[in-house]
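Worksheet for the structure shown next.
Because the structure is predicted, anything quoted here is derived from the model rather than measured.
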Amino acid sequence: MAPIPGSGLAKGLAVTLRTMTRKSVTAQYPDTQPELPPRSRGVIGLFEENCTVCMLCARECPDWCIYIDSHKETVPPAAPGGRERSRNVLDRFAIDFSLCMYCGICIEVCPFDALFWSPEFEYAETDIRDLTHERDKLREWMWTVPAPPALDAGAEEPKEVAAARKTADKLAAAQAAEPEQPDGPGQAGGPGQPDGPGQAGAPGQEGRA
């Protein structure tokens, strides 16, 4: 069946009329802040207490936009007679967000959970050179990182919790399988002990007063 001439125009006008009668849902930013998903990739927050200056994030970054400087310090021995140790101390941790492509590789490869995604996105600058943010700013963004979502009801528990639970169960089973110890030495009926002190039949006691 051939289409009726002008039917497409009529359908388009019908959509327009329906839309004109609906209330606008435009969010007036910045007066109304958008509701972002919890896993939004805004900026990268730094929890520098966990950073060991292993340089994995800087080496794996495909854009080479992470700049890290550090120095070594000597740590005195923890106990007398021990040896001194050296550790890396973080001096600078900066990310150039004008180069960053938000791939998240640095966050994935960090073995000590020092980098996190933050949904913060209001960091525009008038000068591109100001988009290199130092560790003080990255630490401020760390407090905007949302808490991790709860596990699903049917999800497996984390490996660390499962290992700790398995160890605790083994320890409890070993303690339950241990035989009960006697109350104390010298009790009646104990192995190799007479029924009482000074009684006949005790070895080495014959003929004594």
Side-chain angles (χ1 to χ4, degrees), residues 25-78 82 84-168:
V25 293
T26 303
Q28 300 299 326
Y29 177 83
D31 298 330
T32 303
Q33 292 291 327
E35 295 182 3
L36 300 175
R39 297 180 65 183
S40 299
R41 296 189 176 189
V43 291
I44 298 173
L46 171 67
F47 192 59
E48 61 181 279
E49 283 79 1
N50 288 354
C51 181
T52 61
V53 201
C54 65
M55 305 293 290
L56 271 177
C57 55
R59 289 200 299 263
E60 297 296 331
C61 177
D63 291 333
W64 293 86
C65 63
I66 300 177
Y67 312 116
I68 300 176
D69 293 329
S70 66
H71 70 277
K72 288 186 177 293
E73 283 187 357
T74 301
V75 181
E84 296 181 343
R85 298 182 181 272
S86 63
R87 67 184 180 95
N88 292 323
V89 179
L90 184 66
D91 292 329
R92 184 195 184 200
F93 195 108
I95 299 178
D96 187 354
F97 285 97
S98 66
L99 297 177
C100 178
M101 64 180 186
Y102 305 90
C103 63
I105 293 178
C106 58
I107 297 175
E108 296 296 331
V109 300
C110 180
F112 301 105
D113 291 335
L115 298 174
F116 297 86
W117 278 119
S118 166
E120 181 66 35
F121 63 93
E122 297 177 314
Y123 59 98
E125 301 288 347
T126 56
D127 191 343
I128 193 173
R129 292 171 293 183
D130 295 334
L131 284 174
T132 301
H133 295 289
E134 302 292 334
R135 65 176 182 174
D136 294 337
K137 188 64 176 180
L138 301 180
R139 184 175 179 83
E140 291 179 10
W141 283 331
M142 182 63 208
W143 311 125
T144 63
V145 174
L151 296 176
D152 296 335
E156 296 181 358
E157 61 182 356
K159 294 181 179 179
E160 295 82 359
V161 178
R165 190 187 307 280
K166 187 176 181 180
T167 304

Exercise for the section: Step through the shown structure and confirm whether more than 12 heavy atoms of other residues, nucleotides or ligands are within 6.0 Å of CD on Glu35. Expected result: no

Problem - Whether Tyr29 and Phe121 hold their rings parallel, tilted or perpendicular, with breakpoints at 30° and 60° - result: tilted

Problem - Heavy-atom pair with the smallest gap, counting every atom of Glu84 and Pro76 - result: CG-CA, 4.4 Å

Completion exercise
Heavy-atom nearest pair, Asp91 first then Ser70, reads OD2-C, 3.3 Å

Handout entry: By ring pair (Phe, Tyr, Trp, His ring centres under 6.0 Å) - contacts of Trp117 (at least two apart)
Key = none

Practice task
Return the minimal non-hydrogen interatomic distance between Leu46 and Met142, and the atom names on each side.
Solution key: O-CB, 3.7 Å

Fill in the blank from the handout: The reported gap from SG in Cys103 to CD in Glu60 (rounded to nearest 0.5 angstrom) is 10.0 Å

Exercise for the section: Applying side-chain contact (heavy atoms from CB on, under 4.5 Å), run through Cys106 and Ile44 and close with a yes or a no. Expected result: CA-CA 9 Å; Cys106 58; Ile44 298 173; 3.7 Å; yes

Practice task
Return yes if some donor-acceptor pair links the side-chain N/O of Ser40 with the main-chain N/O of Leu36 below 3.5 Å, else return no.
Solution key: no

Problem - All salt bridge (Lys or Arg N to Asp or Glu O under 4.0 Å) counterparts of Arg39, not counting sequence neighbours - result: none

Practice task
Step by step, work out the ring-ring contact (aromatic ring centres under 6.0 Å, His included) result for Phe116 and Trp141.
Solution key: CA-CA 9 Å; Phe116 297 86; Trp141 283 331; over 10 Å; no

Problem - Reported CG-to-CH2 distance for the pair Asp96 and Trp64, which is rounded to 0.5 angstrom - result: 14.5 Å

Handout entry: Worked verdict on Glu134 versus Lys137 for salt bridge (charged side-chain N to carboxylate O under 4.0 Å, His left out)
Key = CA-CA 6 Å; Glu134 302 292 334; Lys137 188 64 176 180; over 6 Å; no

Fill in the blank from the handout: Taken to the nearest 0.5 Å, the spacing of Arg87 CZ from Glu73 CD works out to 5.0 Å

Practice task
Kindly give the heavy-atom pair with the smallest separation between Phe93 and Ile66, and that separation in Å.
Solution key: CZ-CG2, 3.9 Å

Handout entry: Heavy-atom pair of closest approach, residues Leu90 and Ile68
Key = CD1-CG2, 3.8 Å

Handout entry: Rounded distance [0.5 Å steps], OG1 in Thr52 versus CG in Asn88
Key = 7.5 Å

Problem - Stepwise side-chain contact (heavy atoms from CB on, under 4.5 Å) check, Glu140 with His133 - result: CA-CA 11 Å; Glu140 291 179 10; His133 295 289; over 6 Å; no

Handout entry: Any donor-acceptor pair under 3.5 Å from Asp63 side chain to Cys65 backbone
Key = no

Problem - Donor-acceptor under 3.5 Å (Asn50 side chain, Asp113 main chain) - result: yes

Practice task
Please indicate whether Glu49 has more than 12 foreign heavy atoms, meaning atoms of other residues, nucleotides or ligands, lying under 6.0 Å from its CD.
Solution key: yes

Problem - Non-hydrogen atoms of Arg92 and Thr132 that approach each other most closely - result: NH2-CG2, 4.2 Å

Exercise for the section: Mark yes or no for whether Arg41, through its side chain, and Tyr102, through its backbone, hold a donor-acceptor pair below 3.5 Å. Expected result: yes

Problem - Euclidean distance, Leu115 CG relative to Ile95 CD1, rounded to 0.5 Å - result: 6.0 Å

Problem - Rounded distance (nearest 0.5 Å) linking atom CD of Glu108 with atom SG of Cys57 - result: 13.0 Å

Problem - Flag, side chain of Ser118 to backbone of Glu120, donor-acceptor distance under 3.5 Å - result: yes

